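Chain identifiers are assigned alphabetically (A, B, ...) following the order of the sequence lines, protein sequences preceding nucleic acid strands; residue numbering begins at 1 within each chain. Keep in mind that this is a model prediction, so the values were computed, not measured.
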2 protein chains.
Amino acid sequence: MFTKVLVSEDMDDIHKGVYTLLTDLGISEIQQAQYCDDAYLKIKKGELDAAPYELLITDLSFKQDHRTQKFESGEDLAKAIKKEYPHIKVIVYSVEDRLQRVRTLINDYHVDAYVCKSRRGLTELTNAVHAVFNNETYLSPEVIAALSPKNELEIDNFDIELVRQLSKGLSQDEISKYLKTQHISPNSLSSIEKRLNKLRVQFKANNAIHLVAIVKDLGLI
Amino acid sequence: MFTKVLVSEDMDDIHKGVYTLLTDLGISEIQQAQYCDDAYLKIKKGELDAAPYELLITDLSFKQDHRTQKFESGEDLAKAIKKEYPHIKVIVYSVEDRLQRVRTLINDYHVDAYVCKSRRGLTELTNAVHAVFNNETYLSPEVIAALSPKNELEIDNFDIELVRQLSKGLSQDEISKYLKTQHISPNSLSSIEKRLNKLRVQFKANNAIHLVAIVKDLGLI
DNA sequence: CTACTTTTTACGGAAATCCGTAATGGTTTA
DNA sequence: TAAACCATTACGGATTTCCGTAAAAAGTAG
């Protein structure tokens, strides 16, 4: 079993539960970080001191406070860690259950497990730790569908980005101009209209307002 | 101090933290309910058996599963309990920090405390238990502003309702027609435009889409 | 290279929004 | 009662979105 584990989680009560779980698994060295930046620094220090962490368990969302952070979310943290230290296992433990997000974490950032905080969260987390220790990936049942590559595809990041810009108050014309400055293609007003129209159909939205509301409810933006 | 307490919370790890806290406070009888309905029934049974709970600590959001519930949220539960058994103290313990919601819970449902789950959540929860035991109300610093009746007023339910209809995909014209069928006044297209314009200014929104996005983020709809 | 498909872009008209101005009607105040 | 005030409604024009059609550009297969 792992011997040195870092838990990145800002709620002290949740951490308490995770801590006892890890202790029960026989893990001796368990560190906590309440901020993503702290987690990053601890891991970095571990590597430099030749006493590396073997596993990182991290939440996704952290409450903001006065301290400005380099890493605002567990997503950023997981991405950075997996890029710099791919040998360190990463388990994401979050209430979030949006498939889109899980997909990104697994496929693009290559995290090793995704566990949903829920009634059976701690049990699943135990399973995840075991699986990851055996070099397997683990997904909570709620999000297992994320990796079956059939459903709700053909919505790409560009589409999502369009809706995000809309939700920030830009007009379609402004989005077009913005994309041109960024040299992102397609960028014509017409194309933007067409993509948004496709999304409206797909999400059964009456208009752009409705579309933004739906996509926000789905947690895609 | 209280002797018999019920904790309504569906995440087992969070409950673990709360449990140890209550134990440290010297509370002997601590029950947990993972569903709002269970919590309600336990409290009811306690009253019937002349062994009533003195305090209920409840979360707001519960994960859905196969069991259909009479009470879908901690809000419903708190409301019902305070209505039927006003002598039972109620502390809401949630990540939610929307002032509007806190205001409703305190002013309309008369819960005794509202504690935000956060880094210092357990510490604050301890304070809340003490305060409530002394017949005081307690609010986390994050939401203390909820009861200061000065800010962000002059936004009434009608305004919110307009934005809600917008987010459901209705055009301003359709909203006007809808209000007429409901004999709700004002209902002219012009009035609706004017109200929405006022809201756009107030929330610094560029357009209706932006407004809906902002109001959704604030949790007002 | 050619034929075919898909994507991007362009254009035009109808509908909806945005925004200022102004008339109407009801209530308050002097 | 008259004046002042405020909310509601009406209206007109500029801008934006919506939606269909179609041309240009890019990608694919034979």
Side-chain angles (χ1 to χ4, degrees), chain A residues 149-150 152-218 220-221, chain B residues 150 152-217 220-221:
Chain A
K150 51 187 183 302
E152 71 165 315
L153 228 35
E154 75 262 345
I155 303 172
D156 58 23
N157 288 336
F158 181 82
D159 292 323
I160 296 300
E161 188 55 27
L162 283 188
V163 182
R164 191 194 313 280
Q165 296 296 336
L166 266 191
S167 79
K168 285 168 59 182
L170 275 68
S171 70
Q172 299 179 13
D173 194 46
E174 286 169 331
I175 296 177
S176 167
K177 291 188 175 109
Y178 167 74
L179 290 177
K180 277 169 185 154
T181 69
Q182 302 297 314
H183 304 101
I184 299 174
S185 175
N187 54 43
S188 73
L189 176 59
S190 188
S191 291
I192 293 171
E193 284 181 358
K194 182 149 291 191
R195 299 290 272 253
L196 289 176
N197 184 51
K198 188 194 70 181
L199 289 172
R200 279 207 308 279
V201 171
Q202 226 160 84
F203 287 106
K204 303 194 211 318
N206 294 340
N207 53 41
I209 298 177
H210 198 190
L211 175 65
V212 169
I214 291 171
V215 171
K216 279 189 84 76
D217 280 337
L218 288 174
L220 296 179
I221 60 173
Chain B
K150 51 187 184 302
E152 70 168 314
L153 229 35
E154 74 263 342
I155 303 171
D156 58 23
N157 290 334
F158 181 82
D159 292 324
I160 296 300
E161 188 56 26
L162 282 189
V163 182
R164 193 193 313 279
Q165 297 296 335
L166 266 191
S167 78
K168 285 168 59 182
L170 275 68
S171 70
Q172 298 179 14
D173 193 46
E174 287 170 330
I175 296 177
S176 166
K177 291 188 175 108
Y178 166 74
L179 291 175
K180 277 170 185 154
T181 69
Q182 302 295 315
H183 304 102
I184 298 174
S185 173
N187 54 43
S188 73
L189 176 58
S190 188
S191 290
I192 292 171
E193 283 180 357
K194 183 149 289 190
R195 299 290 272 251
L196 288 176
N197 184 50
K198 189 193 68 181
L199 289 172
R200 278 207 308 278
V201 171
Q202 224 160 85
F203 287 105
K204 302 193 212 318
N206 294 339
N207 52 41
I209 298 178
H210 199 190
L211 175 64
V212 168
I214 291 171
V215 172
K216 279 187 86 74
D217 280 338
L220 297 179
I221 59 173

Distance, rounded to the nearest Å, where [X] contributes [atom1] and [N] contributes [atom2]:
{"X": "A:Asn197", "N": "D:dG20", "atom1": "CG", "atom2": "P", "result": "7 Å"}
{"X": "B:Leu170", "N": "C:dT17", "atom1": "CG", "atom2": "C1'", "result": "15 Å"}
{"X": "B:Phe158", "N": "D:dA7", "atom1": "CZ", "atom2": "P", "result": "13 Å"}
{"X": "A:Asp173", "N": "C:dC18", "atom1": "CG", "atom2": "C1'", "result": "15 Å"}
{"X": "A:Asn206", "N": "D:dC18", "atom1": "CG", "atom2": "P", "result": "10 Å"}
{"X": "B:Lys198", "N": "D:dT8", "atom1": "NZ", "atom2": "P", "result": "9 Å"}
{"X": "A:Leu196", "N": "C:dT8", "atom1": "CG", "atom2": "C1'", "result": "15 Å"}
{"X": "B:Leu189", "N": "C:dA15", "atom1": "CG", "atom2": "P", "result": "15 Å"}

Query raised in the report: Taking the side chain of B:Ser185 as its heavy atoms from C-beta onward, which of C:dC18, C:dT9, D:dT9 lies nearest to it?
Result: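 Among the listed nucleotides, the one closest to the side chain of B:Ser185 is D:dT9.
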OP1 or OP2 of [N] sitting under 4.0 Å from any side-chain N/O of [X]?
{"X": "A:Arg195", "N": "C:dT7", "result": "no"}
{"X": "B:Asn187", "N": "D:dT9", "result": "yes"}
{"X": "A:Ser190", "N": "C:dT9", "result": "no"}
{"X": "B:Arg200", "N": "C:dC19", "result": "yes"}
{"X": "A:Gln172", "N": "D:dC18", "result": "yes"}
{"X": "A:Ser191", "N": "C:dT8", "result": "no"}

Query - Side-chain touch B:Leu199/B:Val215, heavy atoms, less than 4.5 angstrom - result: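 They are not in side-chain contact.
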Query raised in the report: Does any non-hydrogen side-chain atom of B:Leu179 lie less than 4.5 Å from one of B:Gln165?
Result: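 The answer is no, as the side chains (C-beta and beyond) never meet within the 4.5 Å cut-off.
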Report task. Would you mind telling me which residue lines up with the more 5' stretch of DNA chain C, B:Asn207 or B:Lys194, judged by nearest nucleotide? Result ->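 Of the two residues, B:Asn207 wins.
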Query raised in the report: Is there a donor and acceptor pair, one atom on the side chain of B:Ser171 and one on the base of C:dA16, closer than 3.5 Å?
Result: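 Looking at the base of C:dA16, it does not pair with any donor or acceptor on the side chain of B:Ser171 (distance under 3.5 Å).
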Query raised in the report: Is it true that A:Arg164 and A:Glu161 have a side-chain N and a carboxylate O under 4.0 angstrom from each other?
Result: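 A:Glu161 and A:Arg164: salt-bridged.
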Query raised in the report: When all nucleic acid strands are considered with a 4.0 Å heavy-atom cut-off, which category describes A:Glu193: base, sugar-phosphate, or nothing?
Result: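 A:Glu193: base contact, heavy atoms under 4.0 Å.
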Requested in this report: Can you measure from CG (A:Leu189) to NZ (A:Lys177) and round to the nearest 0.5 angstrom?
Outcome: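 One gets 9.0 Å once the value is rounded to the nearest 0.5 Å.
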Query raised in the report: Roughly how far, to the nearest 0.5 Å, is the CG atom of A:Leu162 from the CG atom of A:Leu170?
Result: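 Rounded to the nearest 0.5 Å, the CG-CG separation comes out at 11.0 Å.
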